[in-house]
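Reading through the structure tokens given below for one structure.
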Amino acid sequence: MIDCEDRPAHTQRKVAAASSTGIEFRRISPAIGVEVSGIDLRQPMSEEQTRELRQALVAHKVLVFREQNITPAQHVAFARCFGELELHPVFPHHPDHAELVLLGGNSKIPGTENVYHTDVSWRETPSMASVLRCVECPEVGGDTVWINMEQAYEQLPEARKQQIAGLYAVHDILPSFGARMTPAEQAQARGKYPPVVHPVVRTHPESGQKILYVNETFVTHFANFSSNFASFRSANEIHAQQQDLMNYLLRQPAILEYQMRLRWEPNTIAMWDNRSTQHYAIQDYFPAVRRMHRATVMGDKPF
């Protein structure tokens with residue numbers, strides 16, 4: 001069983017390299033992601049190893065571990081090193097570990113994660129990180145793409161940054177998950193998880209960096225567009241300009257220069273900073289099957 005203590009650490013961007021703990025980091029793309037070696041996730045982690053992985057997570061946003069044949073219990077224990085774990089209200093759970101959700105379709109039903117998104121942004125306090133392990137994957141296909149949303153914000157034109165400063169967006173569970181629910185379940189979900197409002201540009205609580213924080217899966221509209229833009233001739237003009245701005249922001253994750261792409265193998269584990277990334281699970285392998293287990297670390301309220 002993995003045993004460790006979670007100690008948040010502030011970090012600056014750094015070049016991936018070997019460390020004093022023996023952990024090595026090799027960059028995957030210029031924008032985002034490192035492949036991690038020199039650590040066996042079946043073994044207990046020291047406080048120094050935990051701290052170093054957290055620093056690397058904040059700096060590089062995606063950590064990839066290869067050939068990590070861990071048990072579900074070890075998966076949960078590793079993720080818990082970084083904070084309390086959440087229970088997802090919709091996805092099926094592992095029978096012995098409710099903290100693990102079971103992702104993937106089957107030969108009859110394709111997966112539906114092929115959309116740019118940030119996990120559970122519909123929560124008042126969205127997740128800090130996710131730890132995803134490949135259990136079964138097709139021989140080819142089924143890659144996942146991650147996007148550096150800090151870079152997406154940094155490289156916006158200055159006029160756009162000024163335009164979205166102070167804007168808030170509404171995040172809602174039902175547009176994505178409502179189709180899986182009966183009307184009664186939708187009503188229950190609406191009561192338990194009402195729409196929430198988060199800043200369009202959030203601040204990373206550890207690095208202090210600004211992040212573009214809207215995604216096409218859960219964001220429905222701006223909460224305060226008209227109050228920020230007072231000189232409109234009509235409600236139609238407000239709506240049109242609001243939609244134009246939203247569409248512009250939602251296109252940013254598709255810029256290839258902000259991305260990395262991971263080819264899965266069984267027992268590959270990806271851990272990502274859910275505060276500063278989006279991801280897209282490519283659905284190009286159906287009717288082959290891809291099965292994954294995911295643990296999610298609770299986060300804090302965006303500001």
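Computed from heavy atoms alone, side chains included, the values below leave out hydrogens, waters and symmetry copies.
Stacking of Arg54 on the aromatic ring of Phe82 is not recorded, the 6.0 Å distance cut-off and the 45° axial limit not both being met.
Atom CG of residue Leu102 and atom NE2 of residue His93 lie 8.5 Å apart, to the nearest 0.5 angstrom. With rounding to the nearest 0.5 Å, the separation of CZ in Phe177 from CZ in Phe218 is 4.5 Å. Going from atom CG of Leu132 over to atom CG of Leu103 covers 6.5 Å, rounded to the nearest 0.5 Å. Rounded to the nearest 0.5 Å, atoms CG (Asn114) and CG (Asp284) are 9.5 Å apart.
Between the side chains of Glu52 and Thr21, at least one donor N or O sits under 3.5 Å from an acceptor N or O. No hydrogens or angles considered: a donor-acceptor pair under 3.5 Å links the side chains of His117 and His279. Side-chain polar atoms of Asp172 and Thr220 form no donor-acceptor pair below 3.5 angstrom. Judged purely by distance below 3.5 Å, without hydrogens or angles, the side chains of His204 and Asp273 pair a donor atom with an acceptor atom. Judged purely by distance below 3.5 Å, without hydrogens or angles, the side chains of Asn267 and Arg133 pair a donor atom with an acceptor atom. A donor-acceptor pair shorter than 3.5 Å cannot be found between the side chains of Thr296 and Asp119.
By the 30° and 60° cut-offs, the orientation of the rings of His293 relative to His94 is perpendicular. Ring-plane geometry between His88 and Trp122 is classed as perpendicular, the angle between the planes exceeding 60 degrees on a 0 to 90 degree scale with a lower cut at 30.
A salt bridge links Asp300 and Arg202; the closest N-O separation between the charged side-chain nitrogens and carboxylate oxygens is under 4.0 Å. Of the charged side-chain nitrogens involved, none lies within less than 4.0 Å of a carboxylate oxygen, so that Glu185 and Arg180 do not count as a salt-bridged pair. A salt bridge links Glu124 with Lys301: at least one charged nitrogen is closer than 4.0 Å to a carboxylate oxygen. A salt bridge is defined here as a Lys NZ or Arg NE, NH1 or NH2 lying under 4.0 Å from an Asp or Glu carboxylate O, and Glu35 with Arg27 fails to meet this definition. In summary, Asp143 and Arg261 engage in a salt bridge, as defined by a charged side-chain N under 4.0 Å from a carboxylate O. Under 4.0 Å is where a charged nitrogen must lie from a carboxylate oxygen, and between Glu154 and Lys210 no such pair does.
Checked against Met128 for a side chain to side chain contact (heavy atoms under 4.5 Å, CB included), the options Glu86, Met298, Glu84, Arg275 give a single hit: Arg275.
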Let's go through Leu53 and Ile39 carefully: what are the C-alpha distance in whole Å and the side-chain angles of both, what is the deciding distance for side-chain contact (heavy atoms from CB on, under 4.5 Å) to 0.1 Å, and is it a yes or a no? CA-CA 10 Å; Leu53 288 180; Ile39 186 169; 4.1 Å; yes

Side chain to side chain donor-acceptor pair (under 3.5 Å) evaluation trace for Thr118 with Asn274: CA-CA 6 Å; Thr118 301; Asn274 198 53; 5.2 Å; no

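Val135 belongs to no hydrophobic cluster, as no Ile, Leu, Val, Met, Phe, Trp or Tyr side chain comes under 4.5 Å of its own.
The aromatic ring centroids of His171 and Tyr213 lie less than 6.0 Å from each other. The six-membered or imidazole ring of His221 lies away from that of Tyr168, with a centre-to-centre distance of 6.0 Å or more.
In terms of modelled atom types and a separation under 3.5 Å, the side chain of Thr268 and the main chain of Trp264 share no donor-acceptor contact.
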